[in-house]
Amino acid sequence: MGGVGGSLARSGVLIFASQLSERRRLNGENPSQRERPPNPSTQTPHTNPLRSRSMAKSFHVTTFGCQMNVHDSERMRGMLASLGYDEAESRDTADLILFNTCSIRESADSRFIAHLGEAKRLKSEQPERIVGVGGCWAQSVKDEVFQRFPFVDVAFGPGQIHKLAEFLNSDSLSAQGYFEFEDFAGHLPTRREREFQGWLQISQGCNCVCSYCIVPSTRGKEVSRDPGELILEAEALAADGVREVTLLGQNVNSYGRSLPPGRRIGFAELLARVDAIDGIERIRYTSPHPKDMSEDVIRAHAELPALCEQIHLPLQSGSSAVLKRMRRTYNRQRYMDRVALIREHVPDCAITTDIIVGFPGETEADFAETLEVAEEVGYDGAFTFVFSPRRETEAATMDGQLPHPVKVERMERLLEVVQRRARERAQRFVGRSLEVLVEGRSRTDETKLRGRTRHGKAVNFEGAAAPGEFVEVEIETTTSQTLSGVSVKPLSQLL
Ligand code: 5AD
Ligand code: SF4
C-alpha cells in the first residue's frame, strides 16, 4: 500500500446529547433487568433496548488511524443520524459507544485498548449501553474481540460499517461480529466534519504485499469504484458545498485496474474528470504508491487547475536493500527519478512522505541512505514511524529485529534532518501571498484564523473570514510545520 497518511485521533463533536436512561426511567423500564451475557457462544438473545424508534438515542465515536478511518467514521455518523441517533458530547452520555480502530502499529492498538477500559466502566455502570468496535484492529482479531473484551456487543471490520445498522435494528442483542470482505459498501449517508471539505473513496483494499503492512489483511483486495458513480458522487458533494475534495484509497494511483475493460479509466483521467466539476476548487489525494506514480499523474498537477501542488510520496526507506525486503518494488534510484520528474513538471510542488525506521536487518549503512534521501529530497513534511512488528506480516518474523533503543536513536537522527529540511523548504513561502482555504480559529491563538495553502501547509493568520472562504495571506514567518501571516483580502474580491 501507499499508506494512508499519518495517524490522527478524533473524538465526537456535540450535536445533541440525549438522556436515554432518564427516558427509560420515565417509561418504567428497569435497566438492571436488561443484563446481556457477554460471550457470543454462551449468550441467549435479549431484546435490543436501542431498537425502539420512539426513543431518542445517542452515540459517541472515537476514531484512530488514517484518513480512511476518519472518512469511515463520517459514514458511521451519517448512517446513525439516519437511524435517529444524535451525537453525544462524551462517552458517558452516549447509549452507543463506538471505536473505529487502527492496527497499523502496536501503539495504535494500545491507545485504543486504554480507551476501551473506560467503555467497560461505563457499561458496568449502565449495562444497557452498547459498546461497538469497528475498523482494522477489529478485523485483525475478529471474534477474539469477544473473548478478550466480553463487554463488547458488536464488532465489525472496515468493510462492514453498514452491518452496524443491521445489528442495531435487530431484535436480538447477542454479541455479533461482522468480518466479511464485500464489494464496496460505501453507499451510506455521510456527515462531514466540515461542510466545505469532502472525501471521495475511489477504491478499497490493497493488492500490494509490503512485508511490514497489516492493511491487505484488514481491508482485503483492491477494488476500484466505477468512474461514473464517482463523478456523480463528486458532483453531489460540489452541489452540497464541498470546495475541496480528497480522493481516498490505500493505493490511489493504481486506480482502475480492477475495472472491466469498457469502464476502465486510469487515475490521471479520473483526476481530470473531477477537476472539470464546477465548484470543486481543490483536489488532493492520499496515498499514492511511488511504483504507480506515472508521468501523466505528475503532469496533471501542472495542468489541472484544481489539483493542488502537493504530492505525498511514501519513501519507507532510502536503502534499496531494505526496500527489497519491504517488497516495495522500487529502489532508491527509481524513487529519486519520480522526485526529479515532479520537480521538473511542478517545480514548487510540496513533497511529503512516510518513513519507517528500524526495519528488520536495517544496518547503519542502510539507515545512512535514508538520511541521505531525506536530505536530498528536502521533504516539506514527513510522517516517521518506528518499525512495529504486526501479526501475520512477513516482516514480523524476519531475522534481524532491532532493539528498541537502536530504533529510537535512529528516529532522533532522522527527525533532525526531516525537521531542518522542512524548515528550510518552508522559507520559500516567506514574502509570498498564498491562497488559503479558511478552516476556523487557530488552535494556539484564539485571535487568529487557521487554514491551509494549496501546498497543504497549515497557516495561522490575522484577518477576518468565515470557514470555507478562500483568502489571500501574506506569509511572514514559518516553522517546519506551520506558516504565519496576515490576510490581505478575501479572494472573491480579487476576481
Ligand atoms: N511499522 C511501522 N510503520 C508502519 N507503517 C505501516 N506499517 C507499519 C509498521 N508495521 C507506516 C508506513 C505507512 C504508514 C501509513 O504507516 O510508513 O506508509
Ligand atoms: Fe488506516 Fe487501517 Fe491502515 Fe490503520 S490499519 S492506517 S486504519 S487502513
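As the structure lists them, so they are numbered: ligands from 1, and atoms in each ligand from 1. By convention here, the first residue in the shown sequence is residue 1.
- Proximity to I104 (heavy-atom distance under 4.0 Å) selects the following atoms of ligand 1: 5 (N), 6 (C), 7 (N), 8 (C), 9 (C), 10 (N), 16 (O).
- Contact between V386 and ligand 1 is present, with at least one heavy atom of the residue lying under 4.0 Å from the ligand.
- Within the 4.0 Å heavy-atom cutoff, M68 does not count among the residues contacting ligand 2.
- Contacts with ligand 2 closer than 4.0 Å are made by side-chain heavy atoms of N69 only, the backbone lying farther away.
- Considering backbone and side-chain N/O of R390, none are found under 3.5 Å from N/O of ligand 1.
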(request) Just do the side-chain contact (heavy atoms from CB on, under 4.5 Å) check on T444 and T482 with the steps written out, would you? (result) CA-CA 11 Å; T444 48; T482 318; over 6 Å; no
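- Side-chain contact of T63 with N100: a donor-acceptor pair under 3.5 Å is absent, judged by distance alone.
- For ligand 1, the atoms lying closer than 4.0 Å to a non-hydrogen atom of Q316 are 12 (C), 13 (C), 17 (O), 18 (O).
- Which parts of ligand 1 touch F387 is read off a 4.0 Å heavy-atom cut-off, strictly below it: atoms 1 (N), 2 (C).
- Looking only at atom types and distance, the side chain of H345 has a donor-acceptor partner in the side chain of E295 under 3.5 Å away.
- Between F64 and F99, the angle of the ring planes stays under 30°, which puts this pair in the parallel group of the 30/60° scheme.
- Close contacts between ligand 2 and S103 involve ligand atoms 4 (Fe), 5 (S) [criterion: under 4.0 Å to a heavy atom].
- A donor atom on one side chain and an acceptor atom on the other are found under 3.5 Å apart for H312 and T352.
- Side-chain N/O atoms of R284 and Q310 include a donor and acceptor closer than 3.5 Å.
- Ligand 2 does not have G135 within reach: every non-hydrogen atom of the residue lies 4.0 Å or more from it.
- In this structure, Y335 and Y330 have tilted ring planes: the angle between them lies in the 30° to 60° band.
- By the criterion of a heavy-atom distance under 4.0 Å, both the backbone and the side chain of Y212 are placed next to ligand 1.
- Ring geometry for F385 against F383 counts as parallel: the plane angle stays under 30°, on a 0 to 90° scale with 60° as the upper cut.
- Counting only N and O atoms by type, the side chains of N331 and S320 include no donor and acceptor under 3.5 Å apart.
- Distances from atom 4 (C) of ligand 1 to the heavy atoms of R105, M326, H289 show the closest one on R105.
- For the pair K142 (side chain) and G157 (backbone), a donor-acceptor distance under 3.5 Å is absent.
- Distances below 4.0 Å separate heavy atoms of C136 from the following atoms of ligand 2: 2 (Fe), 5 (S), 7 (S), 8 (S).
- Short contacts between ligand 2 and V215, defined as distances under 4.0 Å to a heavy atom of the residue, involve ligand atoms 3 (Fe), 5 (S), 8 (S).
- With 2.8 Å as the limit, C102 does not count as an N, O or S neighbour of atom 1 (Fe) of ligand 2.
- Each of the atoms 1 (Fe), 6 (S), 7 (S), 8 (S) of ligand 2 lies under 4.0 Å from some heavy atom of C66.
- Distances shorter than 4.0 angstrom occur between a heavy atom of Q250 and an atom of ligand 2.
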